[in-house]
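Here the structure comes first, spelled out in C-alpha cells, and everything after it is commentary.
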Number of protein chains: 2
Amino acid sequence: MTPKAAYHHGDLRAQLIEAVRDLVETHGPDGFSVAEAARRAGVSSAAPYKHFKDRPDILRAVAGEGMDRLRVAMEQAAAAHPVGSLEAVAAIGLAYVDFARTEPGVFRLVFGLTEGHENAPDLQEKGECCFGVVVKAVADRLKRPTNDPLVQRRAYMLWSFVHGHSFLHIDGKTRVSAARIDDWLYLTEISKGVLATLPGA
Amino acid sequence: MTPKAAYHHGDLRAQLIEAVRDLVETHGPDGFSVAEAARRAGVSSAAPYKHFKDRPDILRAVAGEGMDRLRVAMEQAAAAHPVGSLEAVAAIGLAYVDFARTEPGVFRLVFGLTEGHENAPDLQEKGECCFGVVVKAVADRLKRPTNDPLVQRRAYMLWSFVHGHSFLHIDGKTRVSAARIDDWLYLTEISKGVLATLPGA
DNA sequence: GTCCGATGTAAGCGATGCTAACTTTTCGGA
DNA sequence: TCCGAAAAGTTAGCATCGCTTACATCGGAC
C-alpha cells in the first residue's frame with residue numbers, strides 16, 4: 001500500500017483535497033495551484049482533472065468539507081452544555097470563532113466563494129444546516145419553535161455578530177481595540193444581550 | 001485628448017486602478033489579471049509595472065482607495081445626524097452595509113487581503129481611521145472619551161455586527177432567515193441594544 | 001537645443017489551467 | 001475464465017499570465 005504501489009491508488013481525490021487544504025492554509029486561498037496540489041500528491045498535473053471539473057470545483061470540494069467540519073464542531077460544542085442553556089449558545093459561537101482561528105484559509109474559502117460557485121446547491125444546503133444549529137439552540141433557549149420569525153431573527157443576529165468577529169479576528173483587526181478580548185466572556189455577553197431583548201420586532 | 005493622442009497619457013495609474021476596480025467588481029477578486037487591466041487601459045501588458053511593483057501592489061492600491069471612500073461615506077452618514085444621536089451610529093452602520101452591497105468586490109478585497117499585504121502599514125492605518133469614525137460616534141453617544149475601553153469595546157461590538165451582516169448579505173446568506181431584513185430598522189435596533197447595556201465589563 | 005528621467009513597447013521565460021490522445025488497470029458479465 | 005468497457009493515470013501541447021530585460025519615445029530642466 002505504499003504510495004508507489006498503485007497506478008490507481010484509489011484515494012487520489014481525498015489526497016488532493018488534503019493537499020489543497022494545506023496549500024490554502026499556508027499560502028492563502030489565492031496562492032494555490034492545481035499543479036502544486038498534484039505535485040504534492042505525486043501525480044501528473046493532468047490527473048486532478050479526472051476527479052474535478054476545474055479549479056473552482058476543487059475549491060468547492062474543500063469548502064464543502066470544511067463546512068461539514070464546522071457544523072460538527074458547532075454541534076459538539078452545543079452538546080457539551082444543557083439544552084436551552086445560554087452556555088450552549090455561547091459555545092456554538094466559540095466553536096465558530098475557533099474554527100476561523102485554526103483554519104483561516106478554509107474559513108475564508110467557505111465564505112468568500114466568488115469564482116464559479118454562485119449556484120452550488122450543495123454548499124447552500126450545508127450552509128443552511130450550519131445556521132440550523134444556531135437556530136435550534138436559540139429556539140431551545142427561548143422555548144419557541146424553530147420556525148418562529150423571532151427565533152430566526154435572533155439567531156441571525158448572533159450569527160452575523162460571530163461571523164464579523166471571526167473575520168476581524170483573522171484579519172488582525174482586533175488589535176485596533178485597546179482592550180484585549182476574551183472570546184468566551186465576549187460571546188456569553190453577546191448571547192445574553194441578544195437573547196434578552198425579546199420585545200424586538 | 002483622445003486616448004491615442006499621447007504616448008504618455010499621464011493618468012495611466014488612475015486609469016488602471018479604475019479598470020481593476022471594475023474587473024474586481026464584475027469578475028470577482030480572483031478573476032482579474034494585470035494583462036486584462038492593461039488591455040482595457042489600451043496599453044501594453046508591461047506598462048502597469050512602471051506604476052506598480054506587482055499584482056498584489058495593484059490590488060493594494062485599489063483596496064486603499066476603497067477604504068478611503070468607505071471612510072468618507074461613513075463620515076458623511078454620521079454628519080447627517082445630530083452629534084451624539086443614536087441615528088448617527090446607525091447611519092454609520094448603514095453606510096458600511098451599503099458600501100458592501102454596492103461594491104462587494106472591493107469590499108471583499110479590502111477585508112480579504114491575504115496575498116502579500118500582511119505588512120501594509122498604510123492600509124492598517126486607513127482601517128484604523130475607519131474604526132475611528134465608529135469610535136467617535138459611540139464616544140459622543142455615551143458622553144465618554146474615545147480612549148475609554150468601554151467605548152472601544154462597544155464600538156468593536158457594533159463593528160463586528162455590521163461587518164458580519166455585510167458579509168452574510170453579499171454572500172446571499174441572508175435568505176436563510178425567513179424574515180426579510182430592513183437594514184435601517186435592524187441597525188437601529190442593534191445600535192440601541194449594544195449601547196444600552198452599559199454594565200458590561 | 002540637448003540630455004536625462006519618466007513612461008511607454010516588444011520580446012521572451014517559466015508556470016499555470018485545461019484539453020487531447022494515448023496507456024494501463026480494474027472490474028462486471030457472458 | 002476471459003474480455004471489453006470504463007476508470008484513472010500519463011505525456012504533449014496550447015493559450016494565458018506574471019514579470020523581466022532591453023529598447024524606443026516623450027517631456028521638462030538647464
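A, B, ... follow the sequence lines: proteins, then strands. Residue 1 opens every chain. Side chains are part of it too, since the values below use all heavy atoms of this structure and drop only hydrogens, waters and symmetry mates.
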Write down the distance between [atom1] ([X]) and [atom2] ([N]), rounded to a whole number of angstrom.
{"X": "B/D30", "N": "D/dG18", "atom1": "CG", "atom2": "P", "answer": "12 Å"}
{"X": "B/I58", "N": "D/dC17", "atom1": "CD1", "atom2": "P", "answer": "13 Å"}
{"X": "B/L59", "N": "D/dC19", "atom1": "CG", "atom2": "P", "answer": "10 Å"}
{"X": "B/L16", "N": "C/dT7", "atom1": "CG", "atom2": "C1'", "answer": "12 Å"}

Quick one: do A/K53 and A/D57 make a salt bridge, cutoff under 4.0 Å?
-> no
Is any NZ, NE, NH1 or NH2 atom of the basic residue among B/R13 and B/E65 found under 4.0 Å from an Asp or Glu carboxylate oxygen of the other?
-> no
Does B/E75 have any side-chain contact (heavy atoms from CB on, under 4.5 Å) partners at least two apart in sequence or in another chain, and if so, which?
-> B/R71, B/V133
Do you know the tightest heavy-atom contact between A/S160 and B/L168?
-> CA-CD1, 3.7 Å
Just by protein heavy atoms under 4.0 Å, how would nucleotides 16-21 of chain C read 5' to 3' in B, S and -?
-> SSBB--
Return the nearest nucleotide to the side chain of A/H51; candidates are D/dA8, C/dG8, C/dT9.
-> D/dA8
For A/Y156 and B/H165, does a side-chain donor sit closer than 3.5 Å to a side-chain acceptor?
-> yes
Once the angle between the rings of A/F107 and A/H163 is folded into 0 to 90°, is it parallel (under 30°), tilted (30 to 60°) or perpendicular (over 60°)?
-> tilted
